[in-house]
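Below is one structure, written out as structure tokens; comments come after it.
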Number of protein chains: 2
Amino acid sequence: MKSPSSKTKEDPRRRLIDAGLEIFGTHGFEGATTRMLAGKAGVNQAAIPYYYGGKEGLYHAVVAYIAENAGRFILPVTEKITAALQTDDLSTDAAVGLLVKQLSAFIQLVGQGESRRWGRIIIREQMQPTKAFDIIYDRVIRRVHEACAGLIGHILQIPPASDTAIIRAHSVVGQAMIFQAARETILRRLGRREFTFDDIEMIRSIVEDQIRNTLRHSSGK
Amino acid sequence: MKSPSSKTKEDPRRRLIDAGLEIFGTHGFEGATTRMLAGKAGVNQAAIPYYYGGKEGLYHAVVAYIAENAGRFILPVTEKITAALQTDDLSTDAAVGLLVKQLSAFIQLVGQGESRRWGRIIIREQMQPTKAFDIIYDRVIRRVHEACAGLIGHILQIPPASDTAIIRAHSVVGQAMIFQAARETILRRLGRREFTFDDIEMIRSIVEDQIRNTLRHSSGK
DNA sequence: GTCTATAGTCGGATAGAC
DNA sequence: GTCTATCCGACTATAGAC
């Protein structure tokens, strides 16, 4: 079974993206070499300039790929939140529930083994945004953060664009992100090589705990 | 005033460390070049192999320098905690207070402008530990985490080496670390180029809030 | 102790065969 | 569309003048 003019074995473009997730994640953009990338993908080194115009073009394609996949997973919840915030008859409990739901989705995303590959790319971009960061920031990160800040503003009855709401939103989202950024340290402390299902569930429940307890007992400050 | 045989203008070793903080922080170990490092330090490129045996030797020296400075700042509180945990007549309120104090020290450390330079180095090492990570892990990170897990174990009346205590400790410390890791994103959301004093104080108070509310209302789970 | 010069390797992109 | 071969610049480390 081989279609006439589509894929002979598998699209080299796709394989380069896959290799990029691994290699850029491990070595960073500067540390990655086109030879590593081509080797991992099982294609020729000259294929990178050919298909993506160069190393940087491949990198941008990789980040866009990450944005699309992460977005497909968590943006549905985000959109539900945006809609709920516009109805104006959203109870505090419901808002807290939505926040927990958004964070749970995020933790699930971060918890799955695959995220090890692309997570490092995103954390690096968070530390030092390049042109590639705009791609994922506009498509995913900003939307999720605005939704969370919106919910927090609603719960604490403060403006969603206030510094307080923004910083609290980062604090909440950060709790989940940290298990991505400090993954190796945490695993070292736990004496494991990989998170178990129970670990993920425990992280989820701790974050839920912190959301519920913190937001319930805080005045808007 | 110039001592007979010590420093002519300023120790080139010191200047290389200083350049290393900046350059390794910006480009990572692989992305940094000896020419960048030497240029920033205002010394000759050959000075790096001469003084530190090579690029990697300089990198290790930089990480050791970070460990020492960060340790000088936060380990005093850590040691106070370790001592308090051994007395066995530590009240829950006092334990919570110590945890807040440890985190406040950490946030202050992370909040100061200088941390922008070395913070990225440490985050990178957390994501992908190299030999250099052992230096700062053993001297600082492990101690702080063990102290925090100890306090949390005490407060929640669970073993300090349990997965729950360890993960909760990471969750708490992570809340502060995220303002380092996601610094650029948060500043982008806030529309600033640098954290203000008020920002740092707000972060500190939010973390304190979360510690007090979460640990007070949680059963050990 | 600090410099210049250079050796030897490896980087990304390109030319051109097939 | 995929390969080999290669250009040329940049890399780290070293040799040796001063």
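Proteins get letters first, then strands, A, B, ... in listed order; numbering begins at 1 in each. Treat the numbers as computed from the prediction; the structure is a model and nothing was measured.
- Nearest nucleotide to the A/A46 side chain, out of D/dG1, D/dC3, D/dA13: D/dC3.
- Of all nucleotides listed (C/dA13, D/dA13, C/dT4), C/dT4 comes nearest to the side chain of B/N44.
- Here C/dG11 presents its C1' atom at 13 Å from CE of B/M36, a figure rounded to the nearest Å.
- The nucleotide whose nearest atom lies closest to any side-chain atom of A/Q45 is, among C/dA13, C/dT4, D/dC11, C/dA13.
- Nucleic acid contact for A/A32: sugar-phosphate only, since backbone atoms but no base atoms lie under 4.0 Å from a heavy atom of the residue.
- No donor-acceptor pair closer than 3.5 Å links the side chain of A/K80 to the backbone N or O of A/L98.
- A straight line from CD1 of B/I48 to P of D/dT14 spans 13 Å, rounded to a whole angstrom.
- As a whole-Å value, the separation of A/K55 NZ from C/dC10 C1' is 12 Å.
- Salt bridge present: A/R204 and A/E208 bring a charged side-chain N and a carboxylate O closer than 4.0 Å.
- Here B/E184 pairs with B/R116 in a salt bridge; the nearest charged N to carboxylate O distance falls below 4.0 Å.
- Atom CG in B/L37 sits roughly 14 Å away from atom C1' in D/dA13 (whole-Å rounding).
- Computed from coordinates, the A/Y50 OH to D/dT4 P distance equals 16 Å when rounded to whole Å.
- A salt bridge links B/R183 and B/E194; the closest N-O separation between the charged side-chain nitrogens and carboxylate oxygens is under 4.0 Å.
- Atoms CD (B/E10) and P (C/dG1) sit 17 Å apart, rounded to a whole Å.
- Separating the OH atom of A/Y59 from the P atom of C/dG12 is a distance of 15 Å, rounded to the nearest angstrom.
- In the set C/dA5, C/dG11, D/dA5, the nucleotide with an atom closest to the side chain of A/R35 is C/dG11.
- A residue-by-residue look at B/P12 and A/G53 shows that B/P12 has its nearest nucleotide of DNA chain C further toward the 5' end.
- Remark: C1' of D/dA13 and OH of B/Y52 are 18 Å apart, rounded to the nearest angstrom.
- Using the six-membered ring where Trp is involved, B/H170 and B/H145 have ring planes that are parallel, under 30° apart on the 30 and 60° scheme.
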